[in-house]
Amino acid sequence: MIRVVVQEAPFDFGAEAAAFARGRTDLGAIVTFSGIVRDVADGLSVMEIEHYPGMTEKALEKIAAEAEARWSLGEVLVIHRHGRLEAGEQIMMVATASRHRKHAFEAAEFLMDYLKSRAPFWKKEHTEAGTGWVDATEEDEAALKRW
Amino acid sequence: MIRVVVQEAPFDFGAEAAAFARGRTDLGAIVTFSGIVRDVADGLSVMEIEHYPGMTEKALEKIAAEAEARWSLGEVLVIHRHGRLEAGEQIMMVATASRHRKHAFEAAEFLMDYLKSRAPFWKKEHTEAGTGWVDATEEDEAALKRW
Amino acid sequence: MDVLYFAWVRERIGLPKERIETQAATVADLIAELKAREARYEAAFADLSALRVAVDQELTDFDASIAGAREVAFFPPMTGG
Amino acid sequence: MDVLYFAWVRERIGLPKERIETQAATVADLIAELKAREARYEAAFADLSALRVAVDQELTDFDASIAGAREVAFFPPMTGG
């Protein structure tokens, strides 16, 4: 089962992690990844996340379906926020559940690698030093080659 | 910071996941792995986990310290239960926090691979089909060669 | 068709979305048409290697056909996660 | 020194821990001594490839010295996680 959520509001990481795959006694391995707004340098920072409503959900569903096709997964969850976030706030999470820890780990890494570079989100940072769009990195693009 | 917990009592996965690295705005990437007692075949199963008090804590601390030495981690958590567990119960969790998602993922996988084969726990399964010690697998032993 | 702009492409062009009537056959033709219009388009589309395009909400290439497309979107490389 | 047994090693030998006075220099010597004692030790130590050993709570090899050791533990390959 795939669940994709794109929202501006905060989500409760602990509650989502606890509820994920609950009751699925056929799945022994659960991996979560969560991303948090970092304090850039020392100045308090604010992150603004723009996205492409409509395409975002489709792109995330497609990435999650691809993960389900490649690995043996019982459950997949993707939550991604947009809008204005302060340092320390949770930006997003993915979760995967499988019988096998290797599948759960690889699928979560795959989801993250694709979500970084193939889901239509753009980050803008506001720090004491100024404001600017976060550049995509060659490292993130290269990470896709693994799959 | 490393935190290692070995206990018989259940732990609250959601609360532990939510509290982990909370307030660390220098760490943007958090990975958790949790292991759940699977229902073996269809019969209700009970898992009994034996461990080596004293050595267990030392072994887990050593594995966590090794992870800290190899990757850039801000926080590491390992919780492992022993005693009698029913299907669906959480056996253990690890969590890693880093600036970099790759570090957080690799360190969590490393912790799991070592914890599987190098921490003194032994699992005994009680199912309708009978009772038996879980065999270590060649796959788990081979997983260590990656590191 | 609707043409959408995101992130710094939106900022350079100065609007998030506009309706454009075009006979352009491909994304590249549409870009050529837009660049010929005004300096702000010229600026936004100056370096195509810094741009990505989606046609009807699917990522694609600059030589993709836009015949019958309802929506074309331009944006920089994505930075999710 | 204390000799500890875990999992099926404990079950075969029939106890979790015993105090043993020995002049054995290595783990292998200690095993030889135990096997000579009784059939249940012979059975538990029949296949060393299925066993692991820790001396003073550190995993080690069968040729490790046990001189001065306080605690030697025998058990099957671990199955944590």
Side-chain angles (χ1 to χ4, degrees), chain B residues 4 6 33-38 47-64 66 78-82 85 90-94 108-125 131-144, chain D residues 1-20 22 26-28 30-31 34 39-81:
Chain B
V4 165
V6 180
F33 177 93
S34 59
I36 283 137
V37 180
R38 273 199 283 139
M47 177 82 84
E48 216 183 303
I49 302 177
E50 184 170 334
H51 81 120
Y52 184 168
M55 179 172 166
T56 310
E57 292 79 358
K58 274 191 222 172
L60 295 177
E61 296 269 3
K62 196 176 160 186
I63 294 167
E66 178 71 21
V78 179
I79 302 178
H80 206 301
R81 293 178 63 192
H82 57 90
L85 287 85
Q90 244 119 8
I91 304 173
M92 48 72 59
M93 73 175 284
V94 303
E109 282 195 81
F110 170 91
L111 288 172
M112 285 309 303
D113 285 348
Y114 270 82
L115 201 148
K116 280 267 167 191
S117 312
R118 292 294 181 269
F121 291 100
W122 300 275
K123 289 186 185 132
K124 194 175 197 174
E125 277 174 353
T131 285
W133 293 98
V134 174
D135 282 326
T137 66
E138 279 179 36
E139 197 187 338
D140 282 337
E141 190 62 33
L144 297 182
Chain D
M1 86 185 73
D2 287 328
V3 181
L4 286 74
Y5 310 110
F6 292 95
W8 60 253
V9 182
R10 170 178 56 69
E11 291 175 340
R12 271 188 215 176
I13 291 180
L15 79 181
K17 189 175 176 173
E18 58 187 323
R19 184 130 197 108
I20 288 179
T22 178
T26 66
V27 173
L30 174 63
I31 291 174
L34 290 169
R40 59 195 167 106
Y41 291 97
E42 180 80 47
F45 291 106
D47 178 11
L48 288 190
S49 74
L51 286 181
R52 300 292 178 269
V53 62
V55 173
D56 288 339
Q57 307 191 348
E58 290 275 351
L59 277 177
T60 186
D61 301 314
F62 294 112
D63 54 7
S65 164
I66 54 172
R70 293 180 310 281
E71 194 169 300
V72 176
F74 295 104
F75 40 78
M78 294 149 276
T79 54

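Chain letters run A, B, ... following the sequence lines, proteins first and then strands; every chain starts at 1.
- Here CE of D:M78 is found 10.5 Å from OG1 of B:T56. Values are rounded to the nearest 0.5 Å.
- Of the two parts of B:D140, neither the backbone nor the side chain holds a non-hydrogen atom closer than 4.5 Å to a non-hydrogen atom of chain D.
- Of the atoms belonging to B:H82, not a single heavy atom falls under 4.5 Å from chain D.
- Neither the backbone nor the side chain of B:R81 comes within contact range of chain D, judged by heavy atoms closer than 4.5 Å.
- For B:L115, the parts lying near chain D are the backbone and the side chain together; criterion is any non-hydrogen pair under 4.5 Å.
- Contacts between D:P76 and chain B at a heavy-atom distance below 4.5 Å involve backbone atoms as well as side-chain atoms.
- By the neighbour-count criterion of 12 heavy atoms within 6.0 Å, atom NZ of B:K58 is densely surrounded, having more than that number from other residues, nucleotides or ligands.
- For the ring-ring contact (aromatic ring centres under 6.0 Å, His included) test, residues two or more places apart in sequence or in another chain that qualify with D:F6 are B:Y52, B:W122.
- Scanning residues 64-74 of chain D against chain B with a 4.5 Å non-hydrogen threshold yields D:E71, D:A73, sorted by number.
- Only the side chain of B:K124 has a heavy atom closer than 4.5 Å to any heavy atom of chain D.
- At least one donor-acceptor pair closer than 3.5 Å links the side chain of B:K123 to the backbone N or O of D:G80.
- D:F75 is not listed as a side-chain neighbour of B:E50, based on a closest heavy-atom distance of 4.5 Å or more.
- Remark: B:R38 pairs with A:R99 by the side chain to side chain contact (heavy atoms under 4.5 Å, CB included) rule, at least two apart or across chains.
- Of all residues in residues 51-60 of chain D, those placing a non-hydrogen atom less than 4.5 angstrom from a non-hydrogen atom of chain B are D:A54, D:D56, D:Q57, D:E58, D:L59.
- Between chain B and the residues D:P77, D:A7, D:P16, the most heavy-atom pairs under 4.5 angstrom are made by D:A7.
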